Every structure is written in C-alpha cells, then in structure tokens.
Protein chains: 2
Amino acid sequence: MSRRFDYIHEGAQIYARSFATIRAESNLSRFTPEQEKIAVRMIHACGMVELADDIEFSPDFVAAARDALQKGAPILCDSNMVAHGVTRSRLPAENQVVCTLLEPRVPALAAEIGTTRSAAALELWRNRMDGALVAIGNAPTALFRLLEMIDEGAAPPAAIIGMPVGFVGAAESKDALREYGRVPFGIVKGRKGGSAMAAAAINALASEQE
Amino acid sequence: MSRRFDYIHEGAQIYARSFATIRAESNLSRFTPEQEKIAVRMIHACGMVELADDIEFSPDFVAAARDALQKGAPILCDSNMVAHGVTRSRLPAENQVVCTLLEPRVPALAAEIGTTRSAAALELWRNRMDGALVAIGNAPTALFRLLEMIDEGAAPPAAIIGMPVGFVGAAESKDALREYGRVPFGIVKGRKGGSAMAAAAINALASEQE
C-alpha cells in the first residue's frame with residue numbers, strides 16, 4: 001500500500017492529540033469541569049480554539065441535559081445534519097433522535113403558519129417536547145418558534161442546545177433564548193453555530209468518555 | 001399565535017438578505033464569478049465572512065465538478081452529515097449521494113488496513129469513483145487515503161471537495177491535495193472545514209439558482 005503521505009492513522013490517538021491541542025490553546029478557564037468537556041468537543045467539531053469565547057451555558061444546562069438523556073428523553077433536532085451527527089453508541093438510553101423536517105405535512109404547515117419549513121417542523125414535536133433535549137443547529141426561525149411555542153403553553157424541553165448559524169436572526173434568536181430564562185440552555189453567541197457544533201454538544205453530553 | 005419575537009419568517013427573504021450581507025462584508029474579489037457563488041454559500045453555512053481568505057479552488061474545479069453533476073455522476077461523501085446536507089431538489093440529474101461509513105464491512109476493513117473507519121469506508125467507493133464528485137467534510141485520514149488510492153491506480157474522481165476539519169492532519173491533508181495536482185479541487189486551508197461547508201459547496205455547484 002502507498003505510504004507516500006505521513007499521517008496518524010489511529011482514531012483514538014487522533015482524538016487524544018486533538019483534545020490535548022484544544023486544551024493547550026483554548027481559554028477554557030471560565031467553564032466548570034463538566035462544561036469544559038462540552039466546549040472542547042464543540043471546538044473539535046469546528047477547528048477553532050477561539051470558539052471558546054462565544055460559548056455560553058446556563059448554570060443548570062449540563063445537569064439538566066445529562067439527566068434528560070439518562071432518563072431516556074428523545075433528542076429533537078431541527079435539521080437532519082444534526083440528527084446524523086449524533087453518535088448513537090454514546091447515547092445512555094437508546095434515546096430516540098428525531099428530525100421532522102422532511103415529514104410530508106411540513107410544507108403545508110409552513111404555508112399555513114407563515115414561516116419556514118424548519119420552524120413549521122416543530123409543530124410535529126408537540127407530543128414529544130416535554131422533558132426532551134432540543135438541538136437547534138441550523139435555523140434561527142426554529143429557535144424563535146420554539147420559544148413562541150413554550151410561550152403559548154407547550155410543555156418545555158429539559159434543555160435547549162441553541163446553535164443556529166448565519167446572518168439573519170441567528171445572533172438575535174440566541175440572545176432571545178439566553179434572556180428567556182425558563183429553560184436551561186447552551187448557546188454559541190453571534191453568527192457562528194451549526195449542525196456540527198450542536199451534534200458535538202449532544203455527543204459530549206451523552207457520555208463521560210471523551 | 002405568539003408574536004413576542006420580531007424576526008423574518010420568509011425563507012427566500014432570509015436567503016436574499018444573508019447573501020447580500022455576505023457580499024457586502026466579505027473580500028471575494030480574487031474569485032471568478034462562478035467561484036464566488038460557491039464561496040458565498042460556504043460562508044453562509046458557517047456564519048463567518050473571514051472564511052473567504054481560507055477558500056481556494058483550482059482553476060478547473062468549478063467546471064469539472066459542474067460537468068460531472070450534469071452528467072449524472074454520483075456524489076461520494078465521507079460522512080453522513082455531508083450526505084444529509086445535500087439538497088436533493090437542487091441536483092441536476094437525480095445524482096446518487098453515497099456515504100459508506102456505516103456499511104457493516106467497514107470496521108473490519110479499518111482493522112485490516114490499519115486506519116480509521118472514515119478512511120476504510122473509501123474502499124467501498126472503488127467501483128464508483130471514476131468521474132465522481134468526492135466530498136470530504138470530516139476526516140483528514142479519508143482525504144489522505146483518497147490520494148493514496150489514486151496513487152495506487154484507482155480511477156480519479158472528476159473533482160474533490162477537500163474540507164476535513166480539525167487539529168490533527170486536517171491542514172496537512174488539504175495541503176497534500178493542493179500539491180497533488182492530478183485532480184481539480186476546492187479546499188478550506190488550515191484547521192477549518194466541516195460537513196456544512198462541504199455540503200454548501202455541493203449545493204452551490206448543483207444549481208445556478210442561489
């Protein structure tokens with residue numbers, strides 16, 4: 001076999017070196033030990049040590065999210081990329097990973113409500129939202145709609161991973177989540193975010209193993 | 001319905017405003033008009049206008065990748081997140097989107113070859129690689145292995161989206177692709193990259209519509 005290129009082939013070694021580099025180069029001092037593990041895995045997913053400055057967890061977030069997963073709560077995701085980023089073997093209770101974006105009813109619902117398909121897809125979460133772990137890794141409209149649904153009386157999830165990305169509404173939707181105060185949250189402030197960071201947060205919460 | 005939060009609800013308007021913001025704030029002057037559309041969509045996927053400085057396309061990349069898609073070439077992805085980020089309705093020829101990472105044979109192959117599962121999964125691409133569009137959005141080992149396979153005589157793909165992310169091998173694997181010279185490429189230099197950027201590049205190549 002060609003060995004023209006010299007690189008590390010062993011998965012566990014790649015993870016260990018990556019996490020060591022992140023811990024050497026990132027400013028993680030303001031996190032608790034439990035929060036730090038989530039932050040490290042999120043940084044690993046995007047290759048940016050400076051992300052540490054934009055990550056914020058409510059004090060109750062890690063415990064609430066971990067407890068929900070241990071109890072078998074479903075993980076409700078706004079995009080299929082988030083859902084497919086979850087490492088099933090790390091989940092503590094064979095938790096269901098749900099994304100309703102491609103359900104056939106969603107386009108009609110979006111037209112009826114007057115919103116995006118990403119936001120309309122949350123209507124199909126209603127009977128599973130109570131105590132769930134919610135992960136928004138794509139659409140600011142989905143995060144805004146989630147807060148509206150709770151406002152309107154929907155049962156709140158146990159915790160919200162609020163990491164939509166982009167230039168219209170992303171920063172504002174995460175500010176709204178932080179100020180909402182009724183649900184434990186983990187966010188990436190500003191425009192940055194995305195499905196890889198959201199999935200990384202889930203994977204870190206799911207297991208103590210790095 | 002609660003309208004406590006004031007935000008834009010209409011998908012097309014969100015896209016248009018996002019792309020306008022990106023074009024106003026990014027330095028895109030070194031790209032051709034065709035390359036610029038790919039770069040804009042990649043920036044949209046990560047929320048970072050400064051990504052423009054890290055994007056590099058070989059001069060033949062856009063034409064080669066577009067031509068392959070038009071002719072019905074499959075899209076071979078190293079991760080399920082990339083595969084699930086591809087908007088099927090944008091594809092010009094109902095192109096197959098393939099990820100072999102979770103095929104049952106892969107763990108044994110990885111042990112046999114002595115590499116990661118992400119790299120070993122490429123063995124199952126061999127009969128589809130000729131003229132394909134390859135998208136590496138996760139694992140540096142997969143990009144290195146791809147170059148090794150071509151070195152060993154595998155039929156090269158039409159173009160390679162080389163955007164693995166991370167702290168061990170990512171920058172080096174993309175440098176290797178750039179220096180390889182035998183296959184048109186689009187890369188994000190350094191540690192940055194990821195499945196969302198790779199999928200955004202595919203979605204931009206797939207259709208002229210923004």
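Note that the structure is a prediction, hence the values are computed from the model and not measured. Per chain, numbering begins at 1; letters A, B, ... match sequence-line order.
- Within 6.0 Å of the OH atom in A:Y15, the count of heavy atoms belonging to other residues, nucleotides or ligands does not exceed 12.
- Taking B:V49, B:T141, B:V82 one by one and counting their heavy-atom pairs under 4.5 Å with chain A, the maximum is reached by B:T141.
- Note: B:F144 and A:Y7 have parallel aromatic rings, judged against thresholds of 30 and 60 degrees for the angle between ring planes.
- A:M81 has its side chain within reach of B:S195: a pair of non-hydrogen atoms, C-beta onward, lies under 4.5 Å apart.
- Using cut-offs of 30° and 60° for the angle between ring planes, the B:Y180 and A:F5 rings count as tilted.
- Under the 4.0 Å criterion applied to side-chain N and carboxylate O atoms, B:E25 and A:R191 are assigned as salt-bridge partners.
- For B:A119, no part sits under 4.5 Å from any heavy atom of chain A, backbone or side chain.
- Between B:E148 and A:R4, every side-chain heavy-atom pair lies at or beyond the 4.5 Å cut-off.
- Residue B:R17 places its CZ atom among 12 or fewer non-hydrogen atoms of other residues, nucleotides or ligands, all under 6.0 Å distant.
- A distance of 8.0 Å separates CZ of B:R145 from NE2 of A:H9, quoted to the nearest 0.5 Å.
- Crowding of B:R105 atom CZ: a count of heavy atoms from other residues, nucleotides or ligands under 6.0 Å not exceeding 12.
- Within a 6.0 Å radius of CD in A:E10, more than 12 heavy atoms belonging to other residues, nucleotides or ligands are found.
- Heavy atoms from other residues, nucleotides or ligands lying under 6.0 Å from CZ of A:R41 number more than 12.
- The parts of B:S18 that come within reach of chain A are both its backbone and its side chain, each placing non-hydrogen atoms under 4.5 angstrom from that chain.
- Note that CG of B:L101 is 12.5 Å distant from NE2 of A:H84, once rounded to the nearest 0.5 Å.
- For A:Q96, the CD atom sits in a loose shell: 12 or fewer heavy atoms of surrounding residues, nucleotides or ligands are nearer than 6.0 Å.
- Heavy atoms closer than 4.5 Å to chain B are found in the backbone of A:A45, but not in its side chain.
- When the shell of 6.0 Å around CZ of A:R126 is examined, it contains more than 12 heavy atoms from other residues, nucleotides or ligands.
- Contacts of residues 202-210 of chain B with chain A at a heavy-atom distance below 4.5 Å are absent; not one residue qualifies.
- For the side chain to side chain contact (heavy atoms under 4.5 Å, CB included) with A:I8, the lone residue among B:T115, B:T116, B:V168 that qualifies is B:V168.
- Between B:C46 atom SG and A:M197 atom CE the span is 8.5 Å, to the nearest 0.5 Å.
- Counting only heavy atoms from C-beta outward, the side chains of B:I14 and A:F167 never approach each other to under 4.5 Å.
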